[in-house]
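Heads up, the thing below is written out as structure tokens.
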Amino acid sequence: MMFTRRHAIMLATALGLAAGSLSAASAEPFRIGAYPSNPPFEYKNASGTFEGFEVDIATEAAKRAGLEPEIADYGFQALFAATTSGRIDGAISSITITPERLESQSFTQPYYDSDMGIAVKEGVALSGTEELKDKTVGVLSGSTGAKWVDENKESLGIKSVKAYNAQQDMFLDLGAGRVDAVVSDIPGMEYLFTKMKGFEVAARIKTGEQYGMMMGKDHPQLDAINEAITTMKEDGTMAKIHEKWFGSAAPANSSTVTVFAIP
């Protein structure tokens, strides 16, 4: 049988495909934990697949670092133990970078700026933090909202605090009157309110919070993931992801488009 040019091309193509398959199969996994009910940052769609702003960031960063992203479902509080124990490599879920967390965890550079807010049922008059006096307040367990309420409970005269593992359960209780107000991150609440009606952010709490990907302390892939995030900011990928999920351009000086060092 003659070995023609056509055969040579077919063989080269087959070898190329095989090499590509082998490369993809041998890529080291990058295990990502995510809270599944935190739109638009991360959530599961109708088919059970993760989607969202941070999902797009994490998967793209992992691929640029030569890793294969794998996303698993975790409760918010469980993410901290999972990164510490090494069950996952990274965690995404609107996780604020704080000095306390940096003692036991590592973070990439920030990629989103946020404030907290106080949410109530529509029509309830509440214009500031001082009006939390004698109120029962709902918070998400392990969140910076929970930390803020704990730190200010006594000075504000908050009557009691109820902690929840799921944002939806927290707002179901707010709607039923089992809590008077909720303290949480504004972007996640505002997105939720497009689906879950009857609530509003009544007051903003300026915190200067910034979100990043949390990883185990001094994780060996931290530098590679962080460098991937840097290139995503520099080539406009991060700005496109922001516009996709929030419907607007990221602010010019925000951490979404500004390169920072690892905190």
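Owing to the predicted nature of the structure, the values given are computational and were not obtained by experimental measurement.
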For atom CD of E100, is the number of surrounding heavy atoms from other residues, nucleotides or ligands below 6.0 Å larger than 12? yes

Donor-acceptor pair, side chain of R204 and main chain of D115, under 3.5 angstrom: no

Between V257 and K233, does a side-chain contact (heavy atoms from CB on, under 4.5 Å) hold up when you go through it step by step? CA-CA 5 Å; V257 292; K233 290 181 178 183; 5.7 Å; no

A62 and P69: which non-hydrogen atoms are nearest, and at how many Å? CB-CB, 3.9 Å

Hey, is D56 close enough to K240 for a salt bridge, meaning N to O under 4.0 Å? no

Thinking salt bridges, do D173 and R178 make one under a 4.0 Å N-O criterion? yes

F41/Y112 aromatic ring centres below 6.0 Å: yes

Check whether any side-chain heavy atom of S184 lies under 4.5 Å from a side-chain heavy atom of V139, and answer yes or no. no

Answer with yes or no after comparing the ring centroid distance for Y43 and F53 against a 6.0 Å cut-off, counting only values under it. no

Apply the test side chain to side chain donor-acceptor pair (under 3.5 Å) to residues E227 and T231: give CA-CA distance (whole Å), side-chain angles for both, the deciding distance (0.1 Å), then the verdict. CA-CA 6 Å; E227 179 58 28; T231 63; 5.8 Å; no

Assess whether side chain to side chain donor-acceptor pair (under 3.5 Å) is satisfied between T144 and E209, documenting all intermediate values. CA-CA 9 Å; T144 50; E209 289 184 71; 2.7 Å; yes

Taking every heavy atom of A34 against every heavy atom of I71, the minimum-distance pair comes out as CB-CG2, 4.0 Å

Any chance you could measure Y74, atom OH, to E42, atom CD, to the nearest 0.5 Å? 14.5 Å

Rounded to the nearest 0.5 Å, what separation is found between the NZ atom of K147 and the OG1 atom of T207? 11.0 Å

Is the count of non-hydrogen atoms from other residues, nucleotides or ligands lying under 6.0 Å from N45 atom CG greater than 12? yes

Taking it one step at a time, do D180 and K133 satisfy salt bridge (Lys or Arg N to Asp or Glu O under 4.0 Å)? CA-CA 11 Å; D180 302 303; K133 181 178 173 62; over 6 Å; no

Residues D89 and H219: closest non-hydrogen pair is OD1-NE2, 3.0 Å

Quick check: closest heavy atoms across A146 and G142, and the distance to 0.1 Å? CB-N, 4.4 Å

With a 6.0 Å cut-off (strictly less than), is the heavy-atom count around CG of N165, excluding the residue itself, greater than 12? no

Using 0.5 Å steps for rounding, measure from the CD atom of E70 to the CZ atom of F30. 11.0 Å

Within the 3.5 Å criterion, strictly below it, is a donor on D185 or S94 matched to an acceptor on the partner's side chain? no

Steps toward side-chain contact (heavy atoms from CB on, under 4.5 Å) verdict (M215, T83): CA-CA 6 Å; M215 301 175 69; T83 51; 5.8 Å; no

In terms of hydrophobic clustering (I, L, V, M, F, W, Y; side-chain heavy atoms under 4.5 Å; direct or indirect links), are I262 and I229 co-clustered? yes

Any side-chain heavy atom of P251 sitting closer than 4.5 Å to one from T256? no

Within the 3.5 Å criterion, strictly below it, is a donor on R101 or S106 matched to an acceptor on the partner's side chain? no

Verdict with supporting geometry, L140 and V183, side-chain contact (heavy atoms from CB on, under 4.5 Å): CA-CA 8 Å; L140 192 64; V183 173; over 6 Å; no

Looking only at side-chain N and O atoms, does T230 offer a donor or acceptor that is under 3.5 Å from a partner on E234? no

Pair K159 + D134, salt bridge at N-O below 4.0 Å: no

With a 4.5 Å cut-off on side-chain heavy-atom distances among I, L, V, M, F, W and Y, is there a chain of contacts connecting M116 to V124? yes

Find the distance between OG1 (T237) and NE2 (H242) and round it off to the nearest 0.5 Å. 14.5 Å

Please determine which of I32, I92, T49, I241 meets the side-chain contact (heavy atoms from CB on, under 4.5 Å) test together with V55. I92

May I ask you to check whether Q167 and Y35 show a side-chain donor-acceptor distance below 3.5 Å? no

How far apart are the closest heavy atoms of N38 and S93, and which atoms are they? ND2-C, 3.6 Å

Quick check: do L156 and T129 have side-chain heavy atoms less than 4.5 Å from each other? yes

With side-chain contact (heavy atoms from CB on, under 4.5 Å) as the test, would you mind laying out the steps for L132 and V137 before giving the verdict? CA-CA 8 Å; L132 292 176; V137 178; 4.1 Å; yes

Verify the cluster assignment for L222 and M232: are they in a single hydrophobic cluster under the rule of side-chain heavy atoms below 4.5 Å apart? yes

Quiz question: by atom type and distance under 3.5 Å, do the side chains of Q210 and T96 form a donor-acceptor pair? no

Is a donor from one side chain sitting under 3.5 angstrom from an acceptor on the other, for Q109 and S255? no

Examine distances only and state if a side-chain atom of R87 and a backbone atom of R31 form a donor-acceptor pair shorter than 3.5 Å. no

Check which hydrophobic residues are tied to Y164 through side-chain heavy-atom contacts below 4.5 Å, counting indirect links as well, and list them. M170, F171, L172, L174, V179, V182, I186, M189, L192, F193, M196, F199, V201

Shared hydrophobic cluster for F50 and F246 (ILVMFWY, side-chain gaps under 4.5 Å): yes

Name the one of S143, P36, S141 that satisfies side-chain contact (heavy atoms from CB on, under 4.5 Å) with F76? S143

Quick one: which of W245, Y111, Y211 gives a side chain to side chain donor-acceptor pair (under 3.5 Å) with E54? Y111

Return yes if some donor-acceptor pair links the side-chain N/O of S85 with the main-chain N/O of A81 below 3.5 Å, else return no. yes

CD1-CE distance between I57 and M238, expressed to the nearest 0.5 angstrom: 4.5 Å

Are any of the side-chain heavy atoms of K153 and V161 separated by less than 4.5 Å? yes

Working to the nearest 0.5 Å, report the span between CG of N226 and CD of Q221. 13.0 Å

Scanning both residues in full, the closest heavy-atom pair of L126 with A203 reads CD2-CB, 4.4 Å

Count I, L, V, M, F, W, Y as connected when their side-chain heavy atoms are under 4.5 Å apart, and connections chain through other members. Are I88 and L67 then in the same cluster? no

